[in-house]
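A short write-up of the structure that comes next.
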Amino acid sequence: MILVFGGTTEGRSAAEVLEEAGSLYYYSTKMGEQELTLHHGVRIDGAMDAEAMKAFCCNQQIRLIVDAAHPFASMLHQTIGKVASDMRIPVIRYDRIYPQRDPDITWIDDYLEVPTDIHTLLATTGVQSISKLKWLEELGVKVIYRILRRESSLLMAYEQGATDEQLCYFEDGLLPKADAILLKESGLSGGFVEKVEAAREKGMRIIVLKRPSYGTYKANGAYKEVNGPYGLRRMVEKLLPEFYPLHSGLTTGTCATAAAIAATIRLTKGETPAEVPVLLPDGETITVPVGFADRYAYCIKEAGDDPDVTDGIEVRAHIEQSEQFEIIGGEGVGRFTLPGFDYPVGEAAINKGPREMMRQNIKENVRITISVPQGTEIAKRTFNPRLGIEGGISIIGVSGIVKPFSEEAFIDSIRKCMTVAKASGAERVVINSGGKSEHFVKALYPTLPQQAFVEYGNYIGETLKIANELNINTVTLGVMLGKAVKLAEGHLDTHSRKATMDKAFIQQILEESGISIDISDMTLARELWERIAENSRAAFAHTVIRHCYEHCAPLLPNGELTVLLIDDNGKIYEV
């Protein structure tokens with residue numbers, strides 16, 4: 001059983017990650033004020049001291065703790081550390097992502113270090129810090145406290161001696177006039193960057209209280225730190241394998257990046273670590289096991305429970321000093337033989353995502369040669385030959401992580417997400433194929449909660465059927481062209497195993513749209529955006545949407561369906 005300490009953005013994210021398992025867990029908050037819908041989690045509210053925490057862990061047979069509490073909840077972190085150490089329970093600290101410390105900012109370790117050569121200070125460090133700043137008032141510094149406008153916060157402020165004239169509220173948005181501002185190092189999810197920018201626009205001196213260290217419980221040998229959802233899931237899979245029925249894996253892009261990082265570390269530092277940190281496209285960092293041979297470093301591809309023919313292969317990286325950053329495909333890495341990909345014909349089939357990952361992780365000017373000794377043979381069992389990629393496998397991956405593919409499990413997870421979306425009370429549910437399309441469509445619905453956005457993967461038909469079963473009456477379907485041309489033909493499951501691009505059907509759609517172009521040499525549907533004249537794209541998009549709607553609308557007989565077609569640059573077409 002897992003116990004999560006939340007009440008934060010990270011706590012909400014942790015709950016979303018654990019919900020994917022369909023297993024029971026507990027979610028604890030101190031105040032009980034966070035709005036959160038749990039499908040498999042049991043919520044408990046109220047502070048726990050060490051004895052209460054021990055009793056709970058014992059009674060509920062807790063075997064893993066996820067500490068996703070606020071970084072400045074020092075007392076709670078210490079209590080968790082002590083209880084976990086005493087009871088030998090592993091702890092995952094779900095921390096935030098922090099930008100590098102700007103030297104132009106004044107950094108302090110304690111409230112007593114706030115500079116006194118200021119006239120007016122705006123303190124945004126929370127209602128509990130009022131008593132810690134009273135000494136400044138005694139020295140003649142005017143302190144304004146920015147707090148949440150809620151009854152509990154106001155009572156605490158008054159109890160610590162704050163007056164109405166000293167209080168302002170986060171909900172009001174605008175920063176009051178002050179010489180300096182005191183912030184906490186709250187990380188990206190705490191809006192730290194935005195707060196600093198707003199203060200700079202006002203010409204304020206910026207003083208930041210550093211986040212506390214977690215040294216108190218890092219001494220616990222089972223302490224592990226993550227800073228994002230993928231890292232959390234993988235760490236839970238490692239420490240409590242039975243919690244998830246299916247385990248995640250790594251993309252070939254992540255493996256190539258890890259191998260390249262390892263090879264670079266050996267080249268520049270002479271070190272050969274057993275694992276390396278890899279920065280993923282979403283900004284979080286995970287650790288990946290690596291190995292070393294005479295002239296290269298390697299990473300073993302791990303597919304988890306995804307039925308992937310590349311599982312267990314060795315992805316190698318050889319590094320040389322260079323005058324510029326270069327990525328080259330070696331043995332077993334395919335090459336593009338047809339146009340339509342991110343890179344020209346003849347280039348190694350290392351996609352844009354992995355290339356950008358390597359560039360973000362490796363700052364030195366080096367030449368990276370990626371090779372996969374088994375790649376040539378394995379590629380024959382993939383779709384690469386049909387796509388015009390010859391000589392080996394592709395190095396791919398958008399997120400860096402492979403979530404396990406199981407039709408039943410995936411559809412069940414969609415059902416859970418749709419149930420949560422309905423429970424959120426949102427006036428509309430927006431279904432998308434993945435993170436990219438969701439990012440674009442979110443701009444159209446800025447007031448919808450995160451729970452209202454659900455990924456369907458390839459299971460468009462099943463997702464709409466679930467929406468109908470749950471009486472979700474207003475649904476927006478966001479789809480990009482690769483899946484849209486399959487859906488328009490009537491394929492409600494767009495996975496490549498069940499549906500491939502039909503050029504004859506696409507030609508029919510083009511004719512219906514009054515467009516005459518040659519697509520005989522086309523390899524990917526998204527090439528159409530470049531081949532169709534700009535003034536004809538809307539007509540083509542409307543035809544595709546109409547066909548998609550005809551197949552999808554009957555699955556939502558009692559509801560309103562909106563179909564959006566999204567191009568690669570994020571432009572959205574709607575009928």
Would you kindly say whether [X] and [Y] are connected by a side-chain donor-acceptor distance under 3.5 Å?
X    : Y    : result
Y230 : S248 : no
T268 : E364 : no
E19  : Y25  : yes
R149 : Y169 : no
Y26  : Q60  : yes
Y94  : S13  : yes
E137 : Q166 : yes
N227 : Y98  : no
Y223 : E225 : yes

Exercise for review: Could you check R200 against D102 for salt bridge (charged side-chain N to carboxylate O under 4.0 Å, His left out), going step by step and ending with a plain yes or no?
Suggested key: CA-CA 13 Å; R200 280 185 169 142; D102 187 337; 2.7 Å; yes
Any salt bridge linking [X] with [Y]? Criterion: basic side-chain nitrogen under 4.0 Å from a carboxylate oxygen.
X    : Y    : result
K134 : E138 : no
R211 : D109 : no
E185 : R96  : no
E242 : R63  : yes
E16  : R12  : no
D67  : K224 : no

Point to revise | Verdict with supporting geometry, E10 and S189, side chain to side chain donor-acceptor pair (under 3.5 Å) | key: CA-CA 8 Å; E10 289 69 38; S189 65; 2.4 Å; yes
Verify, without hydrogens or angle tests, whether [X] (side chain) and [Y] (backbone) share a donor-acceptor contact under 3.5 angstrom.
X    : Y    : result
T287 : E275 : no
R359 : I362 : yes
E284 : L280 : no
Q451 : K422 : no
N351 : G353 : no
S85  : K82  : no
T254 : G400 : yes
T419 : R415 : yes
N361 : V278 : no
T8   : A68  : yes

Once rounded to the nearest 0.5 Å, what's the spacing between atom [atom1] of [X] and atom [atom2] of [Y]?
X    : Y    : atom1 : atom2 : result
Y145 : T163 : OH    : OG1   : 9.0 Å
I566 : N432 : CD1   : CG    : 6.0 Å
L240 : L18  : CG    : CG    : 10.0 Å
S129 : Q160 : OG    : CD    : 7.5 Å

[Y] side chain reached by [X] side chain, heavy atoms, under 4.5 Å:
X    : Y    : value
K30  : H70  : no
S131 : Y111 : no
Y445 : F453 : yes

**Study point:** Partners meeting side chain to side chain contact (heavy atoms under 4.5 Å, CB included) with T120 (sequence neighbours left out)
**Key:**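 For T120 the side chain to side chain contact (heavy atoms under 4.5 Å, CB included) partners, ignoring immediate neighbours, are K142, I144, A178, D179.
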Check your understanding: Residues in side chain to side chain contact (heavy atoms under 4.5 Å, CB included) with E159, at least two apart?
Key ->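 Partners of E159 by the side chain to side chain contact (heavy atoms under 4.5 Å, CB included) criterion come out as none, since no residue qualifies.
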Exercise for review: Verify salt bridge (charged side-chain N to carboxylate O under 4.0 Å, His left out) between R266 and E271, making sure each step is shown before the conclusion.
Suggested key: CA-CA 5 Å; R266 181 166 66 175; E271 300 172 359; over 6 Å; no
Around atom [atom1] of [X], are there more than 12 heavy atoms of other residues, nucleotides or ligands at under 6.0 Å?
X    : atom1 : answer
E320 : CD    : yes
K363 : NZ    : yes
M75  : CE    : no
L188 : CG    : yes
E194 : CD    : yes
H439 : NE2   : no

Point to revise | Positive for side-chain contact (heavy atoms from CB on, under 4.5 Å) with M235, one of V226, I286, L64 | key: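 So, applying the side-chain contact (heavy atoms from CB on, under 4.5 Å) to M235 and each of V226, I286, L64, only V226 qualifies.
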